[in-house]
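The next block holds one structure in the form of structure tokens; read it before the comments.
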Amino acid sequence: MNKLIKMALGPALAATLATSALSQGMTEVMHASDDIIALPGVTANPDLAAGLPQAIRDAGVLRVATDLTPPISFHDDAGKLIGIDADIAASLGVILGVEVQMTDLGAGAGIVPAILSRRFDMTISGINDDPELEKQVDVIDYMYDATTIMVLEGNPLNIASMDDLCGKRVAVPVGTFQNRLVTAFAEGCAEPMNIMSLPKMPEVLQAVRSGRADATVNGYATSVYSTEKQVGKGVGLQALPDIRLAVGYLGMLTHKENPELRDTVVAALQQMVDAGGYAQIMEKWGLAPLAVETVKVNDAASMPVETE
């Protein structure tokens, strides 16, 4: 049994990543657009706002850290933070009556230290919940994640499950959860799987496009998104969205000594969930299957992740 870890950064727009490199570390105020304000449940709730920690109420500012995992959080060509997390952050600002300042830390490794050091009040980023993480911080489980398979456009080999990868050439990035998942699964293959461990995700995708590999196993969210946002040379790729492996949570983080903020954010998110605004955000970014119906805290242990 493997535990889901931080989701490997999926394929993103090349121009977007170039812009992102210039935007890392910059703080952006998440203004709610007319579309966000119109979402069901995105309405001011003074009772919830009163539950915020006194320091946040006095400052009128909620400091949020994020990192890049398209389409959960990434920069557009102008360097503006967009994605599910940006929309949720702007929504929280409306509900709680605060200015939400969001900072791209540039790397997932900085997310937990950002909370432990109290540099930020919370994080909203695609970080996977697990029991070990919950020993350090409180995790607000706000969406699911999973792993899926990506193949050449049209799926010429008719791959429909992990079993179909036995005997195939499968490219995966070095050091990722997906690499470990594939390696563990391959041990049970009657026909050996040829695992190609490559340094970077763009190289993995190009291996499939060029025919060097038959498939790759990647994070569900980024795979589904990049099916419609193709980059790179060669034949297009497609995710197999009916395949959802290793299901777990993605979570927002708060300090364990800040239960007021944790509980207030949970209630604000649940307001959006109950009214339907949250579902519309997930649908907007093509990740409706990963929507939760109840926002929970530190719930990773209820979702054991299997590799097969």
Side-chain angles (χ1 to χ4, degrees), residues 3-9 20 23-30 48-49 51-69 72-75 81 83-93 95-96 98-145 177 219 221 248-270 272 292 295-303:
K3 295 294 196 312
L4 200 60
I5 63 170
K6 179 68 179 77
M7 182 166 54
L9 178 64
S20 299
S23 304
Q24 291 172 4
M26 296 182 63
T27 298
E28 180 178 340
V29 176
M30 306 311 295
L48 290 183
L52 286 169
Q54 188 65 49
I56 293 177
R57 283 185 281 154
D58 290 345
V61 173
L62 181 64
R63 302 166 302 161
V64 177
T66 192
D67 68 322
L68 304 185
T69 309
I72 299 170
S73 185
F74 63 116
H75 295 287
L81 278 166
I84 291 171
D85 289 348
D87 287 352
I88 288 178
S91 299
L92 289 175
I95 296 170
L96 301 176
V98 293
E99 177 181 281
V100 177
Q101 297 178 356
M102 203 166 191
T103 304
D104 166 26
L105 299 185
I111 291 295
V112 174
I115 297 303
L116 295 178
S117 67
R118 297 184 183 271
R119 178 184 172 196
F120 294 92
D121 301 308
M122 65 179 296
T123 72
I124 309 179
S125 69
I127 188 167
N128 293 91
D129 190 5
D130 67 67
E132 291 302 312
L133 178 63
E134 293 169 4
K135 293 177 182 178
Q136 302 181 69
V137 293
D138 282 333
V139 186
I140 301 169
D141 298 316
Y142 73 112
M143 64 181 288
Y144 295 114
D145 188 38
F177 166 74
Y249 288 116
L250 297 183
M252 304 176 183
L253 309 184
T254 61
H255 201 285
K256 280 195 170 293
E257 296 179 1
N258 202 352
E260 291 176 301
L261 176 59
R262 177 199 67 204
D263 294 345
T264 300
V265 170
V266 168
L269 289 171
Q270 194 63 51
M272 294 175 60
V292 298
V295 181
K296 298 182 179 180
V297 175
N298 298 334
D299 195 45
S302 74
M303 300 189 67

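Residues passing the side chain to side chain donor-acceptor pair (under 3.5 Å) test with Glu134, sequence neighbours excluded: none.
Gln101 approaches Thr27 most closely through the heavy-atom pair CB-CG2, 3.7 Å. The minimum heavy-atom distance between Gly110 and Leu105, with the atom names listed, is O-CD1, 3.4 Å.
Side-chain contact between Ile56 and Met122 is absent, with no heavy-atom pair separated by less than 4.5 Å. Annotation: side chain of Tyr142 is in contact with side chain of Ile124 (closest heavy-atom distance under 4.5 Å). Between Val64 and Met30, every side-chain heavy-atom pair lies at or beyond the 4.5 Å cut-off. The side-chain heavy atoms of Val292 and Tyr144, taken from C-beta on, include a pair separated by under 4.5 Å.
For the atom pair CG of Leu269 and CD1 of Ile88, the computed distance is 6.0 Å after rounding to the nearest 0.5 Å. Note that the CD1 atom of Ile95 and the CE atom of Met272 stand 5.5 Å from one another [nearest 0.5 Å].
Judged by distance alone, the side chain of Gln270 and the main-chain N or O of Val295 form a donor-acceptor pair under 3.5 Å. Arg57 places a side-chain N or O within 3.5 Å of a backbone atom of Leu52 that can act as its donor or acceptor partner. Of the possible donor and acceptor atoms, none in the side chain of Asp299 sits under 3.5 Å from a partner among the backbone N and O of Ser302.
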Could you pull out all donor-acceptor pairs under 3.5 Å where a side-chain atom in residues 258-266 meets a protein atom, sequence neighbours excluded?
| residue | atom | partner | partner atom | Å |
| --- | --- | --- | --- | --- |
| Arg262 | NH1 | Asp138 | OD2 | 3.0 |
| Thr264 | OG1 | Gly51 | O | 3.1 |
| Thr264 | OG1 | Glu260 | O | 2.8 |

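Each of Asp104, Asp67, Thr66 was scored for a side-chain hydrogen bond (donor to acceptor under 3.5 Å, both in side chains) with Ser73, with one residue passing: Thr66. Each of Ile127, Asp129, Ile72 was evaluated against Leu250; a single residue qualifies, Ile72, per the side chain to side chain contact (heavy atoms under 4.5 Å, CB included) test.
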